[in-house]
Amino acid sequence: MRRLALCLLTFAVLSGCDDMTTQPKQKVYTPLVAPAKTPSDTVQFEQKPVAPPPVTLALLERGQERFRIYCTPCHSELGDGHGMIVQRGFPPPPSYHIDRLRAAPVEHFYDVITHGYGAMYSYANRVQPADRWAIAAYIRALQLSQHASIADVPADQRGKMQ
Amino acid sequence: MAAIFRPSANLAAKLILLGTAGAFLALIAWWWGFPRTNYVRNVRWTVDQPVPFSHQHHVAGLGIDCRFCHTSVEVASNAGLPPTYTCMTCHSQIWTNAALLAPVRDSLANDKPIVWHRINNLPEYVYFNHSIHIAKGVGCSSCHGAVDRLPLMSKQASFTMGFCTSCHSNPGPNLRPQSEIFNTEWHRTADTPSPAALMKLYHIPDRNLTDCSICHR
């Protein structure tokens, strides 16, 4: 009986020990990690260019979501360039609805995201190539939305709008 | 020979014995309980960071999405802290002379990452993954609290094992629609789908999520 009590008591005390915490494991944010240099002539993981995907509703929805995360702070939801950061003093970007950008090919938007443009930094490390196409497609849709005429509406639905 | 002890010594001896036993029990309770208190686990304690970065300012004030900075949270186990380059997308043009931001500018100029001090840190024997929680409808604020109200980041939950298992044993009531994951002010309202409907929507299997091997692998 006494031994049992002693045993139980020992376990009770031991349950407070937490020596498991020291089990060295490589975690991402260990301060000693030096800045990784990319070897020349290599493509970083997930930076491999992909072919433009076909434009579908799913692609546009993905593009809208990504656009709202990464681009609206400056370009605003409408793409007119009056986002929150611009209101706080960032140099205003051009509106997407100027003629030059309406005439620009979709590849131009892809390249601006990849390499940046003037005061705008590159988004290559935040937006994967497939998402860049999605954003580019969404910007095109935004442009069309601001310049739509009644002729763009399918004939059978025009009645509803007039 | 006169008695060495007076009769009342009996009581004193009993009290001392009881007291010792009580103190011993209290010691065990303290030994076991103290490491689990919020005080020891640094809940709501701010940490000295190289730059006093404010989530309140950037998230609530400017409306920047978590993923602008914590890019990998949806797809990887770690949410990722923003590299200097991300700060500089804005601060190359805004507050360019602020002394507060000198470490950020130096970091970019010298190609030396800013060393942020960890705030939430699980012991090494625990396996954790952000992406599964985001995909299954657990929002940031369920674990990190209303970060948009924090001028300086601090831990908002104890992150003991009990914290994890209290949700894993019945996740339903903590789930939210996919559109609200990054909304740190979200609360269940009358038109939120029922817990059971959300469990079904996210295909959360009818298995025991408190199995030890889920978190200790």
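Quantities reported herein were computed from a predicted structural model and do not represent experimental measurements. Proteins get letters first, then strands, A, B, ... in listed order; numbering begins at 1 in each.
For a residue to count as touching a neighbouring chain, one of its non-hydrogen atoms must lie under 4.5 Å from one of that chain's; by this rule A:Thr72 does not touch chain B. For chain A, no part of B:Pro82 is nearby; none of its heavy atoms comes within less than 4.5 Å. Both the backbone and the side chain of B:Leu62 come within less than 4.5 Å of a heavy atom in chain A.
Using a 4.5 Å heavy-atom cutoff, the side chains of B:Arg67 and A:Arg66 are in contact. With a 4.5 Å cut-off on side-chain heavy atoms, B:Thr89 and A:Phe90 do not count as touching. By the 4.5 Å heavy-atom criterion applied to side chains, A:Arg126 and B:Thr86 are counted as neighbours.
Remark: B:Arg176 pairs with no residue by the salt bridge (charged side-chain N to carboxylate O under 4.0 Å, His left out) rule, at least two apart or across chains.
Under a cut-off of 6.0 angstrom, the local environment of OH in A:Tyr117 is sparse, with at most 12 non-hydrogen atoms contributed by other residues, nucleotides or ligands. Atom CZ of B:Phe163 has more than 12 neighbouring heavy atoms from other residues, nucleotides or ligands inside a 6.0 Å radius. Few gaps surround CG on B:Asp211; more than 12 heavy atoms of other groups in view lie less than 6.0 Å from it. Within a 6.0 Å sphere centred on CZ of A:Arg3, heavy atoms belonging to other residues, nucleotides or ligands number 12 at most. The environment of NE2 in B:His216 is crowded: more than 12 heavy-atom neighbours from other residues, nucleotides or ligands sit within 6.0 Å. Atom CZ of B:Arg188 has more than 12 heavy atoms from other residues, nucleotides or ligands within 6.0 Å. In B:Asn110, the CG atom is crowded: over 12 heavy atoms of neighbouring residues, nucleotides or ligands sit closer than 6.0 Å.
Residue pairs meeting the ring-ring contact (aromatic ring centres under 6.0 Å, His included) criterion with at least one member in residues 62-95 of chain B, sequence neighbours excluded, are A:Tyr121-B:Tyr85.
When every heavy atom of B:Gln93 is checked against every heavy atom of A:Ala119, the shortest pair comes out as NE2-CB, 3.7 Å. Nearest heavy-atom pair, B:Pro83 versus A:Asn125, reported as atom, atom and distance to 0.1 Å: CG-ND2, 4.2 Å. Summarising the geometry of A:Ile85 relative to B:Cys90, their closest heavy-atom pair is CG2-SG, 4.1 Å, with the distance given to 0.1 Å.
One distance of note links CE of A:Met84 with NE2 of B:His58; it measures 12.0 Å at 0.5 Å rounding. Taking CD of A:Glu65 as the reference point, atom OG of B:Ser179 lies at 10.5 Å (rounded to 0.5 Å). Atom-to-atom distance recorded for B:Phe24:CZ and A:Leu9:CG is 4.5 Å, nearest 0.5 angstrom.
No side-chain donor-acceptor contact under 3.5 Å links B:Trp32 to the backbone of A:Ala12.
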